[in-house]
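Just below is one structure, and these are the notes that go with it.
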2 protein chains.
Amino acid sequence: MRISELAERTGVSVPTLKFYLREGLLDKGETTAATRAEYGAEHVDRVRLISALTAVRELPLARVRDILRLIDHPADDPVLAMGAAVSALPPYVLPADAAMRESADPAGPEPADTRTREPGDPVRYPRARRAIELLGMEFDPNWPATAQLEAALLGLEQAGLPWDDARAKRYGAAMLSVAKQELKTIAAMTPQQAVSYSVLGTALYEPVLLALRRLAHRSLIDQMAPGAADAGPDAATAPSPPAG
Amino acid sequence: MRISELAERTGVSVPTLKFYLREGLLDKGETTAATRAEYGAEHVDRVRLISALTAVRELPLARVRDILRLIDHPADDPVLAMGAAVSALPPYVLPADAAMRESADPAGPEPADTRTREPGDPVRYPRARRAIELLGMEFDPNWPATAQLEAALLGLEQAGLPWDDARAKRYGAAMLSVAKQELKTIAAMTPQQAVSYSVLGTALYEPVLLALRRLAHRSLIDQMAPGAADAGPDAATAPSPPAG
DNA sequence: TAATACTGGGTACTGTCACTATCCAACGCC
DNA sequence: GGCGTTGGATAGTGACAGTACCCAGTATTA
């Protein structure tokens, strides 16, 4: 098919497809003449994937590129691939970043104090460590998600939201249950498939989880106060003009 | 305190604080003279909150503004506030958006077909509906998270990732457990607090959940293949140069 | 054969975002 | 009374994700 058909089938405009081609996100079609190239089903799939990653996850194209590279040149080792995927997805945390921001204290200490740790040095991630060990998992400061957890917990703290062991256990148990389900699928795959699945899975199951959590909230609130969410709230929570 | 001290305490530069003031994200300090204003603890808290929202969630400032407005002018009704919060957080989905993209089929049908539904019309969200009803929750196409779920499931589909009832049940149960924990906290709050908590909670607990899921994956994989993740993977999953 | 429409490929431009930079006059403290 | 700091404003920056435009070669049609 030609580029215009590719555009039609994927809902992505021709100029944007050209842009993706230029950026190397999309392979060139098979050139049949100086101004003619043929695109196939694999191009459709690729564009769909890019769309899913940008539309659903709002990922910057640079990260989409990272993820596509992981899928195109799999690392064979799912742990490796997942680590890379985790690094490619928000929240983006540089290795020592979470610990660096530590210095912002009400007392107003010298920031130079905590910066004595070099970026390459092992950092402690105290909040993440406590949660991880509480859940019986092994604490590994080099696993990207560890820094992400620390940053997230620091965010909670700065916003004054509660975080305690009971909560950590509940959250951890829930996510372990989810993860078990996902890894059941992986076990039956070839390494190649597993890599692709773990990378895309991290990118695309997460929004599902979050949406379900938000739906669960609504559902539970309705159960708590039936009738309160009948007419009033709906009208306001889903404003008719989408421009809102 | 003066603006320079506010900057010091929060780790945000003075020009950036000025920018936040201009943008109305931050209240002006109490003016004591034409070129003098006094900032207080509430300003420190506000800046911390903005930082948490932008750094942890990578939210665009416009969304941060929405969220701050929700907290400043609470709707009294937590359901209302949560709906608004859900709308303010990624994945950003316009009400009819998920259903619109439906038209992108391999067969290549006329897009005009599905576009006969007007943006204000009720849309079906078939994937979301099935999942929601499977979990025994009430399907409400006007709840923002419904559209978000549909978009997320559509993303899975486009990427060719598995999604079935068993998975939906497992995910749903996990998130219901999390949601129950969170609402336990809310029940003991004043409406004011509840609003603030539900808004911030949606914004800031989500990254925690995702980080835990990623950690759980790693942990489970290590249990499956002990030793495989000892030296090799770590070195590569956490590249020493943060520029990666 | 000629006119027309559509490519592939390239360069240059646009709008948005989240800051930065720079300026200025008015403090305030020493 | 001099000098650094502040509030307030205007303008500029760099990254990002496309868009617009142009050209010449190709396919289709007249």
Side-chain angles (χ1 to χ4, degrees), chain A residues 1-40 43 46-47 49-68 88-92 94 243, chain B residues 1-40 43 46-47 49-68 88-92 243-244:
Chain A
M1 79 190 75
R2 280 156 286 149
I3 198 170
S4 57
E5 193 180 341
L6 183 59
E8 242 178 81
R9 289 209 199 173
T10 57
V12 175
S13 76
V14 172
T16 298
L17 288 177
K18 285 184 168 190
F19 171 71
Y20 289 165
L21 286 166
R22 248 177 295 146
E23 294 292 303
L25 295 171
L26 190 60
D27 280 348
K28 285 198 291 186
E30 202 187 341
T31 308
T32 61
T35 63
R36 205 115 299 211
E38 191 65 16
Y39 300 90
H43 291 95
R46 177 56 75 108
V47 174
L49 180 54
I50 296 172
S51 292
L53 256 19
T54 56
V56 178
R57 277 307 298 251
E58 302 246 309
L59 290 182
L61 284 191
R63 302 302 176 142
V64 172
R65 198 197 320 271
D66 292 346
I67 290 176
L68 293 177
L89 293 165
Y92 311 127
L94 299 181
Chain B
M1 79 191 74
R2 280 156 288 146
I3 197 170
S4 57
E5 192 179 340
L6 182 59
E8 241 178 81
R9 289 208 199 173
T10 58
V12 174
S13 76
V14 171
T16 298
L17 289 178
K18 284 183 168 191
F19 171 71
Y20 288 165
L21 286 167
R22 248 177 295 144
E23 294 292 303
L25 295 171
L26 189 61
D27 280 347
K28 285 199 290 186
E30 200 186 343
T31 309
T32 61
T35 64
R36 204 112 306 206
E38 190 64 17
Y39 299 90
H43 291 95
R46 176 57 75 108
V47 174
L49 179 54
I50 296 171
S51 292
L53 255 19
T54 56
V56 178
R57 277 306 299 250
E58 303 245 309
L59 289 182
L61 284 192
R63 302 302 176 143
V64 172
R65 198 196 322 270
D66 291 346
I67 290 177
L68 293 176
L89 293 166
Y92 311 127

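Residue numbers begin at 1 in each chain, while the letters A, B, ... track the order of the sequences.
- In this structure, A:Ser4 reaches the sugar-phosphate backbone alone: every heavy-atom distance under 4.0 Å involves primed, P, OP1 or OP2 atoms, never a base.
- Taking atom CD1 of residue A:Ile50 and atom P of nucleotide D:dA17, one finds them 12 Å apart after rounding to whole Å.
- Distance B:Glu58 CD to C:dC19 P: 11 Å, rounded to the nearest Å.
- Residue B:Thr31 places no side-chain N or O under 4.0 Å from the OP1 or OP2 atom of D:dG7.
- Residue B:Leu59 is the one, among B:Ala34 and B:Leu59, whose nearest nucleotide of DNA chain C lies closer to the 5' end (criterion: closest heavy atom).
- Between the CG atom of A:Leu17 and the C1' atom of D:dT19 there is a distance of 13 Å, rounded to whole Å.
- Rounded to whole Å, the distance from CD on B:Glu23 to P on C:dT16 is 14 Å.
- In this entry the distance linking CD1 of A:Ile3 with P of C:dG9 reads 9 Å, nearest Å.
- At least one donor-acceptor pair closer than 3.5 Å links the side chain of A:Arg46 to the backbone N or O of A:Leu25.
- When the P atom of C:dT11 is taken as reference, atom NZ of A:Lys18 falls 13 Å away, rounded to whole Å.
- Between the base of D:dG7 and the side chain of B:Lys28 there is no donor-acceptor pair shorter than 3.5 Å.
- We find that CD of B:Glu38 is positioned 12 Å from C1' of D:dT6, with the value rounded to whole Å.
- Enclosure of atom CZ in B:Arg65 by more than 12 non-hydrogen atoms of other residues, nucleotides or ligands within 6.0 angstrom is indicated.
- In this structure, A:Tyr20 atom OH and C:dG9 atom C1' are separated by 19 Å, rounded to whole Å.
- Judged by atom type and distance alone, A:Thr35 reaches the base of D:dG25 through a side-chain donor-acceptor pair under 3.5 Å.
- In this structure, B:Arg36 reaches the bases: a heavy-atom distance under 4.0 Å links it to at least one base atom across the strands shown.
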